[in-house]
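Structure first, then comments.
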Amino acid sequence: MRARALHDILRQLDNAAVAAGRPAPRLLAVSKTQDATAVAELAAAGQRAFGENYVQEAAGKRTALTGLDLEWHLIGHLQSNKAKEAAELFDWVHTLDRAKLVAALARHRRDDQAPLNVLVQVNIDDEASKHGCQPHEVIALAKTIAVEPRLRLRGLMVIPTPYPEPEQRRDAFRRTRALFDALRTDHPQLDTLSMGMSDDYAIAIAEGATMVRIGTALFGARKRRESGMGNGEP
Ligand SMILES: *Cc1c(COP(=O)(O)O)cnc(C)c1O
């Protein structure tokens, strides 16, 4: 049944990409609040990349699923006091939004691990209460990441204001894509634009997403903490 849901989503991502004349994005399966069994079922169906919002919750699943060749992505807000644990646990961090965190993750990524893949989270709609750096801070933050050998800058991540109509988020996706393109003049190796969730991935793909983060459309409704973005603040 989960294999079926996975194949449905992959087909829909393909369709959206074809309709937009764009390459199909990578699927990040957002497994927050789902148990390790659900992750294992998707993994058996071929899914490799999983997104989690909380360090502790991800640590538990990673331990439970030792032996599976999975890729773990942190997509929730990261507090500095959790940087060490996050640097050792995850393969990707999507929510790097301040210089202090760059230094902490770089310091704690162990030498026997591959460099940590990171995305700069942008507060594209300039909401006072939200995480992410301001658009004008992206270039400077990218520079501080690029000189860290233990970090590998891959691109940008965005969570637009959740306006009721997904179509209202298109402009935020478009502005993030423009920022991504601008950043690539200095960092041509960047390959990842993480944007789009269950209800707006088609629009995000049309605007240039290379990775979409899908939870409910894949797993069904979440079991707890289902409100909001689950962005570290339930
Ligand atoms: C929960 C979450 C998602 C997935 O949201 P769905 O609407 O369930 O697809 C994507 N990105 C972030 C940052 C999230 O917190």
Side-chain angles (χ1 to χ4, degrees), residues 2 5-13 16 24-35 38-39 42 47-58 61 71-79 82 86 89-98 101 117-125 127 129-133 154-170 172-173 176 180 192-234:
R2 289 212 195 279
L6 175 64
H7 293 131
D8 283 351
I9 284 288
L10 289 173
R11 201 183 53 241
Q12 287 167 42
L13 297 182
R26 264 194 99 189
L27 170 62
L28 180 64
V30 175
S31 48
K32 63 176 175 223
T33 78
Q34 307 296 334
D35 56 25
V39 173
L42 272 195
Q47 177 63 24
R48 194 159 169 258
F50 291 88
E52 290 283 341
N53 288 57
Y54 303 97
V55 175
Q56 231 51 60
E57 186 181 338
K61 286 178 216 180
E71 200 180 88
W72 293 93
H73 295 231
L74 178 67
I75 60 171
H77 177 67
L78 180 57
Q79 290 162 350
K82 296 265 172 66
L89 181 67
F90 289 96
D91 303 293
W92 289 65
V93 170
H94 290 223
T95 49
L96 189 41
D97 62 358
R98 55 202 192 276
L101 209 46
N117 297 290
V118 297
L119 301 176
V120 170
Q121 182 182 358
V122 195
N123 184 350
I124 199 71
D125 289 317
E127 293 174 275
S129 63
K130 277 276 196 67
H131 301 296
C133 73
R154 300 294 294 264
L156 300 180
M157 179 270 215
V158 73
I159 307 171
T161 303
Y163 293 117
E165 289 302 320
E167 189 58 42
Q168 295 171 286
R169 299 169 218 162
R170 183 183 294 275
F173 292 140
T176 308
F180 181 61
T192 304
L193 187 48
S194 165
M195 58 187 197
M197 313 196 301
S198 290
D199 65 346
D200 58 16
Y201 62 79
I203 296 167
I205 291 168
E207 298 302 333
T210 69
M211 188 183 291
V212 292
R213 310 178 306 264
I214 309 279
T216 37
L218 196 50
F219 290 102
R222 281 188 274 283
K223 290 175 182 147
R224 53 195 155 85
R225 282 174 166 161
E226 73 276 73
S227 63
M229 293 299 104
N231 205 20
E233 295 176 358

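We count ligands from 1, going down the list as the structure has it; atoms in each ligand are counted the same way.
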Practice task
Would you mind running through ligand 1 and noting each atom that sits below 4.0 Å from a heavy atom of Ile214?
Solution key: 9 (O)

Please set out all donor-acceptor pairs under 3.5 angstrom arising from side-chain atoms of residues 200-215, sequence neighbours excluded.
{"from": "Asp200", "atom 1": "OD1", "to": "Met197", "atom 2": "N", "distance (Å)": "2.7"}
{"from": "Asp200", "atom 1": "OD2", "to": "Arg169", "atom 2": "NH1", "distance (Å)": "2.7"}
{"from": "Tyr201", "atom 1": "OH", "to": "Gln12", "atom 2": "OE1", "distance (Å)": "2.7"}
{"from": "Glu207", "atom 1": "OE1", "to": "Arg174", "atom 2": "NE", "distance (Å)": "3.3"}
{"from": "Glu207", "atom 1": "OE2", "to": "Arg170", "atom 2": "NH1", "distance (Å)": "2.8"}
{"from": "Glu207", "atom 1": "OE2", "to": "Arg174", "atom 2": "NH2", "distance (Å)": "3.1"}
{"from": "Thr210", "atom 1": "OG1", "to": "Asp191", "atom 2": "O", "distance (Å)": "3.4"}
{"from": "Thr210", "atom 1": "OG1", "to": "Leu193", "atom 2": "N", "distance (Å)": "2.8"}
{"from": "Arg213", "atom 1": "NH1", "to": "Val158", "atom 2": "O", "distance (Å)": "3.4"}
{"from": "Arg213", "atom 1": "NH1", "to": "Ser194", "atom 2": "O", "distance (Å)": "3.0"}
{"from": "Arg213", "atom 1": "NH1", "to": "Ser194", "atom 2": "OG", "distance (Å)": "2.9"}
{"from": "Arg213", "atom 1": "NH2", "to": "Val158", "atom 2": "O", "distance (Å)": "3.1"}

Exercise for the section: For ligand 1, indicate whether the residue Asp199 contacts it via side chain, backbone, both or neither (heavy-atom separation under 4.0 Å). Expected result: neither

Practice task
May I ask you to identify, for Leu218, whether its side chain, its backbone, both or neither come under 4.0 Å of ligand 1 on a heavy-atom basis?
Solution key: neither

Practice task
Keeping to residues at least two apart or across chains, list the salt bridge (Lys or Arg N to Asp or Glu O under 4.0 Å) pairs with something in residues 89-98.
Solution key: Arg62-Asp91

Exercise for the section: Run down the list Glu52, His77, Arg213 and name the one with the heavy atom closest to atom 11 (N) of ligand 1. Expected result: Arg213

Practice task
Give the atoms of ligand 1, by number and element, whose distance to some non-hydrogen atom of Ile159 is under 4.0 Å.
Solution key: 13 (C)

Practice task
Without swapping roles, check the side chain of Lys32 against the backbone of Gly76 for a donor-acceptor pair under 3.5 Å.
Solution key: no

Practice task
Examine the proximity of ligand 1 to Lys32 and report which part, side chain or backbone, both or neither, has a heavy atom under 4.0 Å away.
Solution key: side chain

Exercise for the section: Flag Gly215 as yes when one of its N or O atoms lies below 3.5 Å from any N or O atom of ligand 1, and as no otherwise. Expected result: yes

Practice task
Ignoring hydrogens and angles, tell me if any N or O in the side chain of Gln168 forms a donor-acceptor pair with the backbone of Thr161 under 3.5 Å.
Solution key: no

Fill in the blank from the handout: For Thr216, the ligand 1 atoms with a heavy-atom partner under 4.0 Å come out as 6 (P), 7 (O), 8 (O), 9 (O)

Practice task
Answer yes or no: is there a side-chain heavy-atom contact under 4.5 Å between Leu42 and Leu218?
Solution key: yes

Handout entry: His77 and Gln79: side chain donor to acceptor below 3.5 Å
Key = no

